[in-house]
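Sequence lines set the chain letters: A, B, ... in the order given, protein chains first and strands last, and positions in each chain run from 1. Every heavy atom of this structure was used, including side-chain atoms; hydrogens, water molecules and symmetry mates were not.
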Protein chains: 2
Amino acid sequence: MVMGRPRSFDTDKALDEAMEVFWRHGYDGASLAMLTKAMGIKAPSLYAAFGSKEGLLKAALDRYAQRRCEHMRHVLAGATARDVAERFLSSIAESHTDPANPPGCLLVQGGLACGAGSENIPFELASRRAQTEADLRERFAQAQRDGDLAPEADPAALARFLSTIASGMGVLASSGADRDALREVARVSLSAFARCREAGGVPS
Amino acid sequence: MVMGRPRSFDTDKALDEAMEVFWRHGYDGASLAMLTKAMGIKAPSLYAAFGSKEGLLKAALDRYAQRRCEHMRHVLAGATARDVAERFLSSIAESHTDPANPPGCLLVQGGLACGAGSENIPFELASRRAQTEADLRERFAQAQRDGDLAPEADPAALARFLSTIASGMGVLASSGADRDALREVARVSLSAFARCREAGGVPS
DNA sequence: AGACTTATCTACCACTCGATACAAAACTTG
DNA sequence: CAAGTTTTGTATCGAGTGGTAGATAAGTCT
């Protein structure tokens with residue numbers, strides 16, 4: 001064991017609580033008082049462990065990504081491009097309305113626009129959202145190489161479309177929409193995907 | 001004219017400046033100092049005219065709605081349901097990337113999640129977003145009565161789908177996506193709409 | 001003119017913000 | 001044990017928060 005007084009709190013458990021606060025109130029709306037109360041620690045412990053409020057957010061985002069990573073692995077393991085899209089959309093519909101979490105998506109609720117001194121937070125969140133889109137794009141490019149997706153199809157456009165739906169579903173869920181509403185959006189969206197996949201392009 | 005010293009600033013002009021600040025920084029991120037500087041007035045004038053920070057936001061939202069109302073009138077005047085959807089999506093793609101405004105949509109950027117004391121702002125924004133969805137739903141219901149939309153189609157689901165896309169495009173635009181990217185999302189989305197309109201439902 | 005009404009400006013309110021100095025506490029090492 | 005190392009709690013920092021009191025300016029009314 002390392003020297004010194006041992007930490008009296010569990011880092012991951014504390015991060016889960018911080019994540020929830022950022023999720024529910026956004027970066028600017030999450031005050032240090034809220035965070036320390038939820039995490040069950042005092043400010044100096046927070047700063048010793050995470051450096052700053054922004055550092056705490058990044059650590060929470062890392063943990064969030066780690067959680068979602070398992071889901072994405074399952075999504076990307078779909079046999080066909082359409083299967084991947086279907087898994088992605090329904091996984092979003094479920095996770096964004098999981099009663100165990102605040103509604104919506106941390107990467108959207110966390111802060112699309114922030115105040116002075118937090119200008120880089122929206123950028124940070126955007127780059128994490130872009131990661132998911134990149135995963136989908138790469139998977140669709142692979143599907144295209146496999147002949148599962150038409151050569152005229154546009155993997156980047158399809159990935160962006162799905163990613164946009166996911167963000168929109170985050171907004172929808174945060175407005176109080178229920179799970180069935182999101183599932184319905186997922187179904188309609190999937191039909192767009194299927195159509196583009198079949199046609200390889202988009203009808204005028 | 002009314003008694004007393006006349007107002008030295010133009011209310012609508014000041015609201016436009018306030019709108020931009022809320023749009024770019026969100027409700028929590030927009031400080032009184034930012035707002036008064038942008039509006040070119042001092043705090044007491046602001047409070048005399050709008051009552052509170054929340055009152056100012058609501059006034060700005062009213063003006064935003066007023067602006068968008070013209071666009072929506074054009075959208076809803078589309079000859080067919082599909083025409084309406086096409087007009088809606090392309091109008092969103094253009095307006096959310098209009099260089100004259102901050103990127104995205106005020107009703108999304110304004111604040112999906114807020115801090116203590118601003119809990120009702122996300123609710124306020126959600127109710128304004130719901131208005132657009134309701135307009136679309138009603139127009140589609142009319143299209144159904146006109147026989148332009150299949151009897152098995154679901155006007156509410158189609159309206160929610162389009163509204164979700166619009167929110168997603170707001171998030172996308174705020175991440176720095178350019179106009180062509182949004183147009184592409186609009187095209188893909190429109191194909192989903194067309195398919196649902198034809199089939200009257202959604203393929204499994 | 002002078003009374004009345006409304007807006008504007010300076011200065012300031014109590015409070016909260018994110019962040020930290022410092023000393024006591026809790027552990028490992030010698 | 002004592003020395004060294006890290007964490008914890010208390011108490012507080014300066015800056016910024018939304019909001020306002022009170023005096024002054026700029027108009028309309030009779």
Side-chain angles (χ1 to χ4, degrees), chain A residues 1-15 17-19 21-22 24-61 110-111 113-122 124, chain B residues 1-15 17-18 21-22 24-60 110-111 113-122 124:
Chain A
M1 207 192 212
V2 59
M3 259 212 250
R5 178 171 175 173
R7 197 162 269 164
S8 68
F9 63 95
D10 180 67
T11 306
D12 286 340
K13 204 82 178 154
L15 272 181
E17 300 297 332
M19 190 192 302
V21 175
F22 283 129
R24 202 175 291 282
H25 297 286
Y27 182 80
D28 279 343
S31 70
L32 262 283
M34 279 176 170
L35 290 164
T36 53
K37 181 178 177 186
M39 299 168 81
I41 63 178
K42 300 299 165 62
S45 299
L46 191 159
Y47 280 85
F50 305 105
S52 65
K53 188 186 175 184
E54 183 170 343
L56 175 61
L57 174 71
K58 287 182 179 172
L61 289 176
C114 284
S118 321
E119 293 89 353
N120 45 331
I121 269 71
E124 179 74 27
Chain B
M1 207 191 210
V2 60
M3 261 212 249
R5 177 172 175 172
R7 200 162 267 164
S8 69
F9 63 95
D10 181 66
T11 307
D12 286 341
K13 203 83 180 153
L15 273 180
E17 300 298 331
V21 174
F22 283 129
R24 201 175 293 282
H25 298 286
Y27 183 80
D28 280 342
S31 70
L32 263 283
M34 280 176 169
L35 290 164
T36 53
K37 181 178 176 185
M39 299 168 80
I41 63 178
K42 300 299 166 60
S45 299
L46 192 159
Y47 280 86
F50 305 105
S52 66
K53 188 185 176 185
E54 182 171 342
L56 175 61
L57 174 71
K58 288 183 179 173
C114 284
S118 322
E119 292 89 354
N120 44 332
I121 269 69
E124 179 75 26

*asked:* Tell me whether the side-chain N or O atoms of B:R7 pair up with the base of C:dA7 as donor and acceptor below 3.5 Å, since no angle test is needed here.
replied: no

Using a cut-off of 4.0 Å on non-hydrogen atoms, how would the nucleic acid contact of B:F9 be classed: base, sugar-phosphate, or nothing? sugar-phosphate

note: A:L32, atom CG; D:dG14, atom C1'; distance rounded to Å ~ 15 Å

When rounded to the nearest 0.5 Å, the distance separating OH of A:Y27 from CG of A:L56 is 8.5 Å

| Does a side-chain N or O from A:Y47 land closer than 4.0 Å to OP1 or OP2 of C:dT20, or not? | no

When rounded to whole Å, the CE to P distance for the pair B:M3 and D:dC29 reads 6 Å

So, OP1 or OP2 of C:dT8: does either fall under 4.0 Å of a side-chain N or O from B:S8? yes

Atom CG of A:L46 and atom P of D:dG9 are separated, to the nearest Å, by 12 Å

Smallest heavy-atom separation, B:K42 atom then B:T36 atom, equals C-CG2, 4.1 Å

Rounded to whole Å, CZ of A:F50 lies from P of D:dT7 at a distance of 12 Å

query: Can you check whether A:S45 has a side-chain N or O nearer than 4.0 Å to OP1 or OP2 of D:dT7?
result: no

Nearest heavy-atom approach of B:A113 to A:R24 is CB-O, 3.3 Å

Tightest non-hydrogen contact, residues A:I121 and A:C114, listed as CG2-SG, 3.8 Å

Using a cut-off of strictly less than 4.0 Å, decide whether B:K42 has a side-chain nitrogen or oxygen near OP1 or OP2 of C:dT8.
-> no

Against the side chain of A:P44, the closest entry in D:dA21, D:dG18, C:dA21 is C:dA21

Rounded to whole Å, NZ of B:K37 lies from P of D:dT17 at a distance of 12 Å

Between B:A48 and A:E54, the residue closer to the 5' end of DNA chain C by nearest nucleotide is B:A48

Walk me through it: do A:K13 and A:E17 pass the test salt bridge (Lys or Arg N to Asp or Glu O under 4.0 Å)? CA-CA 7 Å; A:K13 204 82 178 154; A:E17 300 297 332; 5.9 Å; no

When rounded to whole Å, the NE2 to P distance for the pair B:H25 and D:dG16 reads 15 Å

Would you mind classifying the nucleic acid contact of A:A116 as base, sugar-phosphate or nothing, using non-hydrogen atoms under 4.0 angstrom? nothing

Atom CG of B:L35 and atom P of D:dG16 are separated, to the nearest Å, by 16 Å

Atom CG of B:D28 and atom P of D:dG16 are separated, to the nearest Å, by 18 Å

Are any of A:S31's side-chain N or O atoms less than 4.0 Å away from OP1 or OP2 of C:dC17? yes

Whether the side chain of B:R5 and the base of C:dT6 hold a donor-acceptor pair under 3.5 Å is what I'd like checked. no

